[in-house]
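Beneath this line is the structure, given in structure tokens, with notes to follow.
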Amino acid sequence: MERVLRLASQNAAVIFSISSCCMCHTIKTLLSDRGVNATVYELDEEPNGREMEKALLTLLGRDTPVPAVFIGGQLVGSTDEVMSLHLSGSLLPLLRRAGAIWV
């Protein structure tokens, strides 16, 4: 868990993903299309990916560990939470405050 939290706090926007996950792709595209250069950790390509998945399951409190999005070092959540923020108009201000986008 320490590794996940450390990695999540090192950049303004961090996504933990699995390369073949369609929902992960959706979230990466959503943020990229808004000018966010998120740091992405593909758990299926990480040497300690399995341990990171277990830590994310605990943090998210759900059955699926990805996508897991951190903004400003804080866990935002998975697809549902990110999309809710986006649809409510709260995502861009959150990204701005974290320094993930400037516009």
Side-chain angles (χ1 to χ4, degrees):
M1 178 132 8
E2 288 180 33
R3 176 175 165 75
V4 167
L5 295 174
R6 183 175 39 81
L7 292 172
S9 68
Q10 291 177 343
N11 295 287
V14 176
I15 304 169
F16 291 93
S17 172
I18 291 178
S19 58
S20 61
C21 170
C22 64
M23 296 314 290
C24 295
H25 175 75
T26 299
I27 294 301
K28 290 184 281 190
T29 301
L30 173 71
L31 294 181
S32 176
D33 287 353
R34 271 124 199 99
V36 177
N37 186 18
T39 300
V40 178
Y41 294 98
E42 300 290 356
L43 299 181
D44 54 325
E45 298 172 4
E46 288 287 324
N48 296 323
R50 283 283 189 221
E51 291 79 24
M52 294 167 73
E53 279 185 56
K54 290 176 187 173
L56 289 166
L57 285 170
T58 300
L59 286 170
L60 289 167
R62 56 188 321 160
D63 296 342
T64 308
V66 294
V69 178
F70 289 78
I71 298 175
Q74 299 298 312
L75 176 63
V76 171
S78 193
T79 307
D80 292 345
E81 293 83 9
V82 174
M83 292 307 286
S84 291
L85 287 170
H86 173 59
L87 293 173
S88 72
S90 302
L91 182 60
L92 290 179
L94 181 62
L95 291 164
R96 280 189 200 100
R97 283 192 302 274
I101 56 173
W102 299 186
V103 180

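No experiment lies behind these values; they were computed from the predicted model shown.
Put simply, CD on Gln74 and CG on Leu94 are 9.5 Å apart, with the number rounded to the nearest 0.5 Å. Taking OG1 of Thr64 as the reference point, atom CG of Leu57 lies at 7.5 Å (rounded to 0.5 Å). One finds the NE2 atom of His86 at 11.0 Å from the CG atom of Leu95 (value rounded to the nearest 0.5 Å). How far CG of Leu56 is from CE of Met1: 8.5 Å, rounded to the nearest 0.5 Å. In this structure, OG in Ser32 is found 9.5 Å from NE2 in His25, a value given to the nearest 0.5 Å. Rounded to the nearest 0.5 Å, atoms CD1 (Ile71) and CG (Asn11) are 12.5 Å apart.
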**Q.** Trace of the side chain to side chain contact (heavy atoms under 4.5 Å, CB included) decision for Leu5 with Leu75
**A.** CA-CA 9 Å; Leu5 295 174; Leu75 176 63; over 6 Å; no
Q | Candidate pair Val36 and Leu30, rule side chain to side chain contact (heavy atoms under 4.5 Å, CB included), full reasoning | A | CA-CA 9 Å; Val36 177; Leu30 173 71; over 6 Å; no
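Scanning both residues, Ala55 and Val4, for their nearest heavy atoms gives CB-CG2, 3.9 Å. Looking at every heavy atom in both residues, Ala98 comes nearest to Ala12 through O-CB, 3.4 Å. The two atoms that bring Ile15 and Pro67 nearest to each other are CG2-CB, 4.4 Å, heavy atoms only. The two atoms that bring Leu60 and Pro65 nearest to each other are CD1-O, 3.3 Å, heavy atoms only. Taking both residues in full, the closest heavy atoms of Cys21 and Cys24 are given as SG-SG, 3.0 Å, listed atom of the first, atom of the second, then distance. Summarising the geometry of Ser17 relative to Val40, their closest heavy-atom pair is CB-CG1, 4.0 Å, with the distance given to 0.1 Å.
Hydrophobic cluster membership differs between Ile18 and Val69, with clusters built from Ile, Leu, Val, Met, Phe, Trp and Tyr side chains linked at under 4.5 angstrom. Residues Leu92 and Met83 share a hydrophobic cluster, clusters being chains of Ile/Leu/Val/Met/Phe/Trp/Tyr side chains in contact below 4.5 Å. Hydrophobic clustering, with ILVMFWY side chains joined whenever heavy atoms are under 4.5 angstrom apart, keeps Leu7 apart from Val76.
Sorted by first and then second residue, the pairs that involve residues 46-58 and meet salt bridge (Lys or Arg N to Asp or Glu O under 4.0 Å), not counting sequence neighbours, are Arg3-Glu46, Arg50-Glu53. For residues 26-37, the salt bridge (Lys or Arg N to Asp or Glu O under 4.0 Å) pairs, not counting sequence neighbours, are Lys28-Glu42.
Scanning for ring pair (Phe, Tyr, Trp, His ring centres under 6.0 Å) contacts around Phe16 gives Tyr41, Phe70, with sequence neighbours left out.
Residues Val66 and Ile27 are not in side-chain contact: their nearest non-hydrogen atoms beyond the backbone lie 4.5 Å or more apart.
Enclosure of atom CG in Asn37 is not indicated, since only 12 or fewer non-hydrogen atoms of other residues, nucleotides or ligands lie within 6.0 angstrom.
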